[in-house]
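To start, the structure itself, in structure tokens.
Every chain is numbered from 1 and lettered A, B, ... according to where its sequence line falls, protein lines coming before strand lines. All values derive from a computational prediction rather than experimental measurement. Every heavy atom of this structure was used, including side-chain atoms; hydrogens, water molecules and symmetry mates were not.
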Protein chains: 2
Amino acid sequence: MDRFLSSATNRIDAKGRVSVPAHFRSVVQRRGFSELYALRALDVPAMDVGGPDLLDRYEERIALEDPFLQTADDMSFFIHGDGSFLKLDQDGRITVSDFLREHTGITTEVTFVGRGLFFQMWEPERLNAHAAEVRQRLSAMRQQASQARAAGTE
Amino acid sequence: MDRFLSSATNRIDAKGRVSVPAHFRSVVQRRGFSELYALRALDVPAMDVGGPDLLDRYEERIALEDPFLQTADDMSFFIHGDGSFLKLDQDGRITVSDFLREHTGITTEVTFVGRGLFFQMWEPERLNAHAAEVRQRLSAMRQQASQARAAGTE
DNA sequence: TACTGTAATATGGGATACCATGGGAAAGCA
DNA sequence: TGCTTTCCCATGGTATCCCATATTACAGTA
């Protein structure tokens, strides 16, 4: 399978290194990425990490904004401004930079979350909070949908 | 038969492995898969499990959404982040990870419940409680319906 | 229906391979 | 020279392979 899936939490060692889950590394290889791009996620305190295609995706997103408006420029700055890329060492580890820590709140542990075509890096506690929100939204959405169906058949 | 039917309870061994019921395995293997896709169910403490094709179906669903709106992001977060592949070993067993235990409360035994296109993994006690709830809801609903019918004919 | 043998399945355990993690040493940089 | 980064190796823990044994399901026979 060549998609990033499931999540795992790894510890950051004294030198600031953390192992990228083996499963993710094999996906990276299979997709033929030689370098990983880490971008700040737009709405959440997480990093989006993936191959060059991740950049394309963000470009598309920016393209939707009116180029004369502040928003587009802000987004572009936000993404390209400090966009760092992560080097995998021989043991499949990356070094967690201050840039990463600042945006995510990561200190001693990192949770890697598969997102299909890319993956995310989270501070474990913040991830839990976010996950709870997401599940609640989806659950509410599903109830609404089934109520709407019931109403339609009455 | 290519549907998941009936239920069975199996024990988890000292290494955290548990056999997937043979008839469930044959459903998956007939399609040529050697791994399972498991997703944390939204409203109940159970895992929804199926072949990797189950994931495909979800991804197709997401593709219908505007990729830059919150809904698409939530859905992806859920099916990729709350999902995981379970590798079947040669004897048809899977290892029950903390990822599964956390959400389901599973400790020493697992009940596998056929649900047609997928099956579920439950902690036996919780399944009993849930089954009782479901029965009660259904019988309440039936009583309501028959009362409404009686009222209509009076 | 009861009994019996057989095959399929579930379970247990030793050995092995893989992976996260930690630390020493060499290599770059100020 | 100090400091950080990168390489390399050691270790413990976990997952996987492979085989043995127990248990269950099934089919045939009386």
Exercise for the section: Can you tell me the distance, in whole Å, between the CD atom of A:Q90 and the C1' atom of D:dC8? Expected result: 7 Å

Problem - Any side-chain donor near an acceptor of the partner, B:T111 and B:T9, under 3.5 Å - result: yes

Handout entry: Parallel, tilted or perpendicular: ring planes of A:F119 versus A:F112, cut at 30 and 60 degrees
Key = tilted

Problem - Atom pair CG (A:L39) and NE2 (A:H103), whose distance is rounded to the nearest 0.5 Å - result: 10.0 Å

Completion exercise
B:K15 atom NZ is separated from D:dT16 atom C1', nearest whole Å, by 9 Å

Problem - A:H23 NE2 to D:dT16 C1', straight-line distance once rounded to whole Å - result: 16 Å

Exercise for the section: Answer with base, sugar-phosphate or nothing: what part of the nucleic acid does A:K87 contact at a heavy-atom distance below 4.0 Å? Expected result: sugar-phosphate

Exercise for the section: Check B:P45 against B:R126 and note the closest heavy-atom contact, atom names and distance. Expected result: CB-NH1, 3.6 Å

Practice task
Kindly say if B:T95 contacts the phosphate of D:dT16, meaning a side-chain N or O under 4.0 Å from OP1 or OP2.
Solution key: yes

Handout entry: Those residues that, when tested against B:D66, pass side-chain hydrogen bond (donor to acceptor under 3.5 Å, both in side chains) (two or more places apart)
Key = none

Exercise for the section: Compute the centroid of each ring, for A:H130 and then for B:F77, and state whether the two points are separated by less than 6.0 Å. Expected result: yes

Exercise for the section: May I ask you to say what B:R93 touches in the nucleic acid, namely base, sugar-phosphate or nothing, with a heavy-atom cut-off under 4.0 Å? Expected result: base

Exercise for the section: Identify whether any heavy atom of B:V96 sits under 4.0 Å from a base atom; if not, whether one sits that close to sugar-phosphate; answer base, sugar-phosphate or nothing. Expected result: nothing

Practice task
Nearest whole angstrom, please: distance from the P of D:dT4 to the CG of A:D13.
Solution key: 14 Å

Practice task
Tell me what B:S19 touches on the nucleic acid: a base, only sugar-phosphate, or nothing, going by heavy atoms under 4.0 Å.
Solution key: base

Fill in the blank from the handout: chain B reaches DNA chain C, atoms under 4.0 Å from its heavy atoms, from C:dT9 to C:dA15

Exercise for the section: Identify whether any heavy atom of A:R17 sits under 4.0 Å from a base atom; if not, whether one sits that close to sugar-phosphate; answer base, sugar-phosphate or nothing. Expected result: base

Practice task
With the side chain of A:D91 defined as its heavy atoms from C-beta on, choose the nearest nucleotide among D:dC7, D:dC18, D:dC9.
Solution key: D:dC9

Handout entry: Short N-O contact, A:R115 and A:D48, less than 4.0 angstrom
Key = no

Practice task
Let me know the distance between CZ of B:F85 and P of D:dA15, rounded to the nearest Å.
Solution key: 18 Å

Handout entry: d(CG, A:L86; P, D:dT6) in whole Å
Key = 11 Å

